[in-house]
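We count ligands from 1, going down the list as the structure has it; atoms in each ligand are counted the same way.
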Amino acid sequence: MDSALANPPHSTDGGVKVFRGKEELRSALSEARRAGSAIGLVPTMGYLHDGHLSLLRAARAECDVVVMSLFVNPSQFGPGEDLDRYPRDEERDLRLAAEAGVDFVYAPPVDAVYPEGFSAHVEVEGALTETLDGDPARRGPGHFRGVTTVVAKLFNSVQPDVAYFGQKDAQQAAVIRRMARDLDFPVRIQVLPTVREADGLAMSSRNAYLGPADRERATALSRALRAAEEAAHAESLPAGLEAARRELDAAGIEPEYLEARDAEELSPVAELNGRPVLVAVAARVGGARLIDNVLIEPRQT
Ligand code: AMP
């Protein structure tokens, strides 16, 4: 096929304009910006589920122009991770984006984001990216460097007024907040609650890797977090972590990490202390590495 046809500057799908290049995206957005429109950005790696859709709907409700980025970002995958098999279905994603009222989808090819010679990075250093990272060979500072670099590039290309992220990836949200604050990105970071399946499993594109037996076992993660929250309030935070571990043990799940952290700083906390505490878990279940968390809010006594 003629490459100009295979890769047009933008095409439409049910009202959504699809952009492959940042220049075309920028010029389309500059018109909207000149008109005073508020621009909302929802970064995604695609294979959309209701978690993504909740972010898109919030953006649609609050902004004049909604941009969804669709990019499976190689630089946030570690060696041996699931980059090659990460689920992709662009046609379905574009249909769902159109239904959610997205105006522009930015879906660049990898070599447009990382051209030859690419050598600049954005990195949030210290505790925010070092804690919770479990096996550093899989997830850790290198992963978050990939995330912050691509999100910084998206912020520069889209220049959104508001950017939407999910609490499901709590550490990612904290790291991006810090990046935006420290580097003066003029964007409001909006973090929305985790959307779950009816049985509690946090929605994730990676749930597609779960066969029926592992899909059932995976519900132990959200059960563990609920148990942690209840026991933390009823008894103590350590009792909460023990209750969570018992739920995971019962399902034969050995967590990569199960941690209680200050929700903002991600510094370790030993007890509920009047500030929101994040209890976060990561675990391999069958072919999927899953993460989930609960935010334990202080209760008035
Ligand atoms: P991803 O495509 O997995 O990179 O996710 C794109 C955005 O959707 C991120 O801000 C995620 O935190 C958010 N997200 C993913 N899963 C959920 C969920 N179950 N509920 C709410 N937001 C989610």
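- Applying the side-chain contact (heavy atoms from CB on, under 4.5 Å) rule to Leu55 yields the partners Val42, Tyr164, Leu192; only residues at least two apart in sequence or on another chain are considered.
- Pairs passing the ring-ring contact (aromatic ring centres under 6.0 Å, His included) check and including a residue from residues 35-76, sequence neighbours excluded, read His49-His52.
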Query raised in the report: Which is it for Asp82 and Tyr209 under the side chain to side chain donor-acceptor pair (under 3.5 Å) test, yes or no, and what are the steps along the way?
Result: CA-CA 10 Å; Asp82 56 344; Tyr209 300 151; 2.8 Å; yes

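- If you number the atoms of ligand 1 from 1 as listed, the ones under 4.0 Å from a heavy atom of Phe165 come out as 10 (O).
- Using a cutoff of 4.0 Å between basic side-chain nitrogens and carboxylate oxygens, Glu90 and Arg20 are scored as salt-bridged.
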Requested in this report: Applying salt bridge (charged side-chain N to carboxylate O under 4.0 Å, His left out), run through Arg60 and Asp103 and close with a yes or a no.
Outcome: CA-CA 9 Å; Arg60 181 68 284 162; Asp103 299 297; 2.9 Å; yes

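- Protein heavy atom at the shortest distance from atom 12 (O) of ligand 1 is Asp169 OD2, 2.7 Å.
- Near Leu55, the atoms of ligand 1 lying under 4.0 angstrom from a non-hydrogen atom of the residue are 7 (C), 8 (O), 10 (O), 13 (C).
- A pairwise comparison of heavy atoms in Ser69 and Leu154 identifies OG-CD1, 3.6 Å as the closest pair.
- When heavy-atom distances to ligand 1 are checked against a 4.0 Å cut-off, Met203 comes that close through both its backbone and its side chain.
- Across every non-hydrogen atom of Phe185 and Asn156, the tightest pair is CE2-OD1, 3.7 Å.
- Comment: Asp292 does not engage Arg223 in a salt bridge, judged by the lack of any side-chain N to carboxylate O separation of less than 4.0 angstrom.
- His52 NE2, 3.4 Å is the protein heavy atom nearest to atom 5 (O) of ligand 1.
- Here the protein heavy atom with the shortest distance to atom 6 (C) of ligand 1 is Pro43 O, 3.3 Å.
- For the pair Ala202 and ligand 1, the shortest N or O to N or O distance does not fall below 3.5 Å.
- At the shortest separation from atom 10 (O) of ligand 1 among protein heavy atoms lies Gly166 N, 3.0 Å.
- Checking only distances, Met45 does come within under 3.5 Å of ligand 1, N or O to N or O.
- Atom-to-atom distance recorded for Arg178:CZ and Leu266:CG is 8.5 Å, nearest 0.5 angstrom.
- Nearest protein neighbour of atom 16 (N) of ligand 1, counting heavy atoms only, is His49 CE1, 3.2 Å.
- For atom 20 (N) of ligand 1, the closest non-hydrogen atom of the protein is Val195 N, 2.8 Å.
- Distances shorter than 4.0 angstrom do not occur between any heavy atom of Arg196 and any atom of ligand 1.
- With hydrogens left out, the protein atom closest to atom 21 (C) of ligand 1 is Pro193 O, 3.5 Å, a heavy atom.
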